Amino acid sequence: PYTITGDISVSNGVTLTVDPGVTVNFNSEFHLQVGGTLSAVGTVSDSIVFTGSGWKGIDIKAAGSTIKYARINGANAYGTYAVKLVGSELSNSHVYDTYYGLQASSSSTFNKNKIHDSTYFGLSLSGDSTAYGNEFYNLAVGGGSNAAIYISGTGSIFRNNYIYNVGAGISISEGTVEKNIMIGPSSNNSTWGIFIRSSGVIFRYNNIGDFATNVAVSGNVPTFSNNNFTGTLDVSSQKNVEISSDSGPGNSYESSQVVVGMQNNYWGNVPASDIPNSIFDYDDDFSVKGDVDYTNALTVPDPTAPISA
């Protein structure tokens with residue numbers, strides 16, 4: 001293994017290649033900054049390891065780097081991301097024991113990874129980046145309303161991922177979330193599955209359930225259809241959909257009553273007669289302004305959503 005006893009900087013125009021089977025062990029507080037290119041491509045049987053205790057992660061500042069078949073752990077110094085991607089790729093890898101997980105921006109790709117045991121969020125996805133086929137769990141364990149995943153940017157896509165046992169799910173201001181499985185933690189007293197913060201959000205073909213509030217919407221009218229509400233739900237203490245109050249973050253309803261279209265979804269975790277009781281909206285408190293339209297409810301799960309994890 002290689003032991004790193006100081007910060008490493010890869011300059012513009014320079015490529016750092018890490019071979020399969022190599023272990024890079026960072027002493028506390030040090031990090032790898034990439035202004036050029038990092039090529040760290042392991043294999044299924046011979047992965048690359050970036051590790052340490054309290055080190056400060058991999059900071060990729062230019063497009064074109066690739067990390068595959070790697071294990072990245074121990075980047076848990078206060079305020080540290082395990083990996084920051086700019087126009088780069090992280091795939092087929094395992095990221096764990098971190099403070100923050102990943103930041104993917106500028107058309108980065110984050111595919112077929114496992115990310116877990118992060119103190120706060122596991123992924124920040126922005127700038128037309130894509131996350132596909134990943135598994136997220138034991139995230140946002142710092143408590144409170146910390147989301148496991150943050151998504152922004154109209155071209156950002158979060159697709160075919162599996163999320164479970166998280167402090168809270170996805171906080172999204174723009175982007176597309178589709179064909180994912182999202183399962184709440186066993187202790188779901190205060191968690192939400194997805195918090196939708198603008199009308200620039202598309203949420204479709206997902207399976208979601210077992211959060212205290214499966215879907216929270218604040219001051220906007222997203223595109224929301226063909227989702228399956230799964231698991232069990234106690235309408236006295238849980239909600240499938242909650243429209244935030246007028247004082248909620250990002251609230252921008254300009255009228256006293258605004259229809260929030262949520263037609264063509266499968267509300268399978270409650271009897272049909274209890275669908276309105278699984279929604280908190282204008283009909284419960286006129287000050288929240290948003291009035292959910294749940295008509296044309298599906299009678300069977302939408303088959304486009306994933307069948308299982």
Side-chain angles (χ1 to χ4, degrees), residues 1-4 8 10 14-26 31-34 36-53 55-60 62-76 80-118 121-125 129-139 148-149 156-166 178-183 306-309:
Y2 293 88
T3 298
I4 308 303
I8 297 176
V10 180
V14 176
T15 297
L16 172 63
T17 300
V18 183
D19 293 327
V22 167
T23 294
V24 184
N25 190 355
F26 287 81
H31 74 289
L32 169 60
Q33 181 174 293
V34 182
T37 304
L38 171 65
S39 177
V41 181
T43 68
V44 172
S45 59
D46 210 8
S47 61
I48 294 168
V49 178
F50 295 97
T51 189
S53 178
W55 66 293
K56 292 189 174 181
I58 300 170
D59 186 1
I60 296 172
S65 290
T66 302
I67 303 173
K68 288 185 177 182
Y69 296 105
R71 284 182 288 140
I72 304 168
N73 66 83
N76 50 25
T80 292
Y81 289 88
V83 182
K84 290 183 179 180
L85 300 175
V86 173
S88 296
E89 174 186 357
L90 176 65
S91 62
N92 303 99
S93 294
H94 194 172
V95 181
Y96 58 99
D97 184 21
T98 64
Y99 188 88
Y100 298 134
L102 278 293
Q103 183 183 76
S105 63
S106 303
S107 300
S108 291
T109 56
F110 181 72
N111 299 336
K112 300 181 180 178
N113 302 287
K114 286 188 176 182
I115 181 166
H116 63 92
D117 292 283
S118 169
F121 59 81
L123 174 66
S124 173
L125 189 74
S129 296
T130 300
Y132 175 88
N134 302 286
E135 185 175 347
F136 300 88
Y137 58 99
N138 295 354
L139 299 172
I149 296 155
S156 296
I157 298 173
F158 189 81
R159 178 186 294 140
N160 286 109
N161 301 287
Y162 180 32
I163 305 168
Y164 60 98
N165 196 32
V166 294
E178 60 185 9
K179 301 182 180 180
N180 302 284
I181 296 174
M182 304 167 62
I183 301 174
I307 296 173
S308 62

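Given the structure is predicted, the values throughout are model-derived calculations rather than measurements. Heads up: numbering here begins at 1 and tracks the sequence.
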Trainee: Are the side chain of Ser93 and the backbone N or O of Ala70 linked by a donor-acceptor pair below 3.5 Å?
Mentor: yes

Trainee: Looking at every non-hydrogen atom in both residues, tell me the closest pair between Pro306 and Lys179 and how far apart they are.
Mentor: CG-O, 3.1 Å

Trainee: Is a donor on one side and an acceptor on the other found under 3.5 Å between the side chain of Asn160 and the backbone of Tyr132?
Mentor: no

Trainee: Partners of Phe110 by ring-ring contact (aromatic ring centres under 6.0 Å, His included), sequence neighbours excluded?
Mentor: none

Trainee: To the nearest 0.5 Å, what is the distance between OH (Tyr69) and CG (Asn113)?
Mentor: 10.5 Å

Trainee: Decide yes or no for Tyr81 and Asp59: does some side-chain heavy atom of the first lie under 4.5 Å from some side-chain heavy atom of the second?
Mentor: no

Trainee: List the residues meeting ring-ring contact (aromatic ring centres under 6.0 Å, His included) with His31, not counting sequence neighbours, and say none if there are none.
Mentor: none

Trainee: Main chain of Lys56, side chain of Thr80: is a donor-acceptor contact present, judged purely on distance under 3.5 Å?
Mentor: no

Trainee: Nearest 0.5 Å, please: how far is CE in Met182 from CG in Asn161?
Mentor: 10.0 Å

Trainee: Rounded to the nearest 0.5 Å, what separation is found between the CD1 atom of Ile149 and the CG atom of Leu123?
Mentor: 6.0 Å

Trainee: Name all residues meeting the ring-ring contact (aromatic ring centres under 6.0 Å, His included) criterion together with Phe50; count only those two or more places apart in sequence or in a different chain, and write none if there are none.
Mentor: none

Trainee: Ignoring hydrogens and angles, tell me if any N or O in the side chain of Thr23 forms a donor-acceptor pair with the backbone of Pro1 under 3.5 Å.
Mentor: no

Trainee: Test your reading of the model: is there a side-chain donor-acceptor pair from Asn180 to the backbone of Phe158, 3.5 Å cut-off?
Mentor: yes

Trainee: Spell out, as yes or no, whether a donor-acceptor pair under 3.5 Å connects the side chain of Ser88 to the backbone of Thr66.
Mentor: no

Trainee: For side-chain contact (heavy atoms from CB on, under 4.5 Å), just list the numbers for Phe121 and Leu139, CA-CA rounded to whole Å, side-chain angles, deciding distance to a tenth of an Å, and then say yes or no.
Mentor: CA-CA 6 Å; Phe121 59 81; Leu139 299 172; over 6 Å; no

Trainee: Does a side chain donor of either Thr51 or Asn73 reach within less than 3.5 Å of an acceptor in the other side chain?
Mentor: yes

Trainee: Strictly distance-based, threshold 3.5 Å: is any side-chain N or O of Thr37 a donor or acceptor partner for the main-chain N or O of Ser65?
Mentor: no

Trainee: Would you list the atom pairs, donor with acceptor, under 3.5 Å between side chains in residues 14-21 and any protein atom, with sequence neighbours excluded?
Mentor:
none

Trainee: I'd like to check the ring-ring contact (aromatic ring centres under 6.0 Å, His included) partners of Tyr137; sequence neighbours left out, ordered by chain and number.
Mentor: His116, Tyr164

Trainee: I'd like to check the side chain to side chain donor-acceptor pair (under 3.5 Å) partners of Asn76; sequence neighbours left out, ordered by chain and number.
Mentor: Asp97

Trainee: Before giving the answer on side-chain contact (heavy atoms from CB on, under 4.5 Å), spell out for Phe26 and Leu32 the whole-Å C-alpha distance, their side-chain angles and the decisive distance to 0.1 Å.
Mentor: CA-CA 9 Å; Phe26 287 81; Leu32 169 60; 4.0 Å; yes

Trainee: Which pair of non-hydrogen atoms, one from Tyr99 and one from Ser118, has the smallest distance, and what is that distance?
Mentor: O-OG, 2.9 Å

Trainee: Rounded to the nearest 0.5 Å, how far apart are CD of Gln103 and CG of Leu85?
Mentor: 8.5 Å

Trainee: Just by modelled atom types, is the Lys112 backbone N or O under 3.5 Å from a matching donor or acceptor in the Asn134 side chain?
Mentor: yes

Trainee: Rounded to the nearest 0.5 Å, what separation is found between the OG atom of Ser108 and the NZ atom of Lys84?
Mentor: 12.5 Å

Trainee: For Ser129 and Ala104, work out which heavy atoms get closest and say how close.
Mentor: OG-O, 3.5 Å

Trainee: Quick one: are Leu38 and Ile67 in side-chain contact, heavy atoms under 4.5 Å?
Mentor: yes

Trainee: Using the side-chain contact (heavy atoms from CB on, under 4.5 Å) rule, take Val95 and Leu90 through it: C-alpha gap first, then chi angles, then the decisive distance, then the call.
Mentor: CA-CA 10 Å; Val95 181; Leu90 176 65; 4.2 Å; yes

Trainee: Which value, rounded to the nearest 0.5 Å, describes the distance between Leu102 atom CG and Ile72 atom CD1?
Mentor: 7.0 Å

